[in-house]
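Structure first, commentary second.
Numbers for residues simply follow the sequence, beginning at 1. For clarity, every value in this text was computed on a predicted model and none was experimentally measured.
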Amino acid sequence: MARQTLEQRNAKQRERQQRLRDRHRAERRPDRDDVARTMLFWAITGYLREDRSDRIDQLADAVTALLVDQGFDERAAYEVFDDLVNRYARDDRPFRSKAHLRG
């Protein structure tokens, strides 16, 4: 049996991934990004309600350190984190609506 080309393998992988995404959508199953985004929102808004800026700073330091370890720019990581905190402080529903989950 002849080996598949890279293009054939990639096409099959795309098909498998699409089937998986379709199944998860039908099951209304959150992915890891949905969980991570929701957990970060929960932590930040909880600290804001409790007026615990020290805890937000600790979280920013921890998240930024992990991002820097992955190769991201430290200053940019802090800017993005601070932007999220500001957004979460202004908006109690900062996530895009997922119309496919309704109904």
Where do Leu48 and Ile56 come nearest, in terms of heavy atoms and distance? CD2-CD1, 3.6 Å
Here the pair of heavy atoms bringing Val68 nearest to Asp73 is CG2-C, 4.5 Å
In Å, rounded to the nearest 0.5 Å, how long is the span from CZ of Arg3 to CD of Gln8? 11.5 Å
Tightest non-hydrogen contact, residues Asp61 and Tyr78, listed as OD1-OH, 2.6 Å
What I'd like to find out is whether the side chain of Asp34 reaches to under 4.5 Å of the side chain of Asp31, using heavy atoms alone. yes
Output the distance between atom CD (Glu74) and atom CG (Asp69), rounded to the nearest 0.5 Å. 10.5 Å
Are Gln17 and Arg14 linked by a side-chain donor-acceptor pair shorter than 3.5 Å? no
Can you list the residues that meet the salt bridge (Lys or Arg N to Asp or Glu O under 4.0 Å) rule with Arg23, with sequence neighbours excluded? Glu27
Looking at every non-hydrogen atom in both residues, tell me the closest pair between Gln4 and Lys12 and how far apart they are. NE2-NZ, 2.8 Å
What distance separates Thr64 OG1 from Glu79 CD, expressed to the nearest 0.5 Å? 10.5 Å
First locate atom CZ of Arg29, then atom CG of Leu20, and finally report the distance between them rounded to the nearest 0.5 Å. 8.5 Å
Give a yes or no on whether Arg32 atom CZ has more than 12 heavy-atom contacts from other residues, nucleotides or ligands under 6.0 Å away. no
Pairwise side-chain contact, Val85 with Tyr47, heavy-atom cut-off 4.5 Å (strictly under): no
So, Asp22 and Arg19, do they make that salt bridge, N to O below 4.0 Å? no
Do Phe72 and Leu40 land in one hydrophobic cluster if side-chain heavy atoms of ILVMFWY residues count as linked below 4.5 Å? yes
Any chance CG of Asp54 has more than 12 other-residue heavy atoms, nucleotides or ligands included, within less than 6.0 Å? yes
Could you check Arg16 against Gln13 for side chain to side chain contact (heavy atoms under 4.5 Å, CB included), going step by step and ending with a plain yes or no? CA-CA 5 Å; Arg16 280 192 301 273; Gln13 178 65 21; 2.5 Å; yes
Side-chain (Asn86) to main-chain (Asp83) donor-acceptor, under 3.5 angstrom: no
Check whether more than 12 heavy atoms from other residues, nucleotides or ligands sit under 6.0 Å from atom CD of Glu7, and answer yes or no. no
Identify whether Val63 and Val80 are in the same connected component of the hydrophobic contact network (ILVMFWY, side-chain heavy atoms under 4.5 Å). no
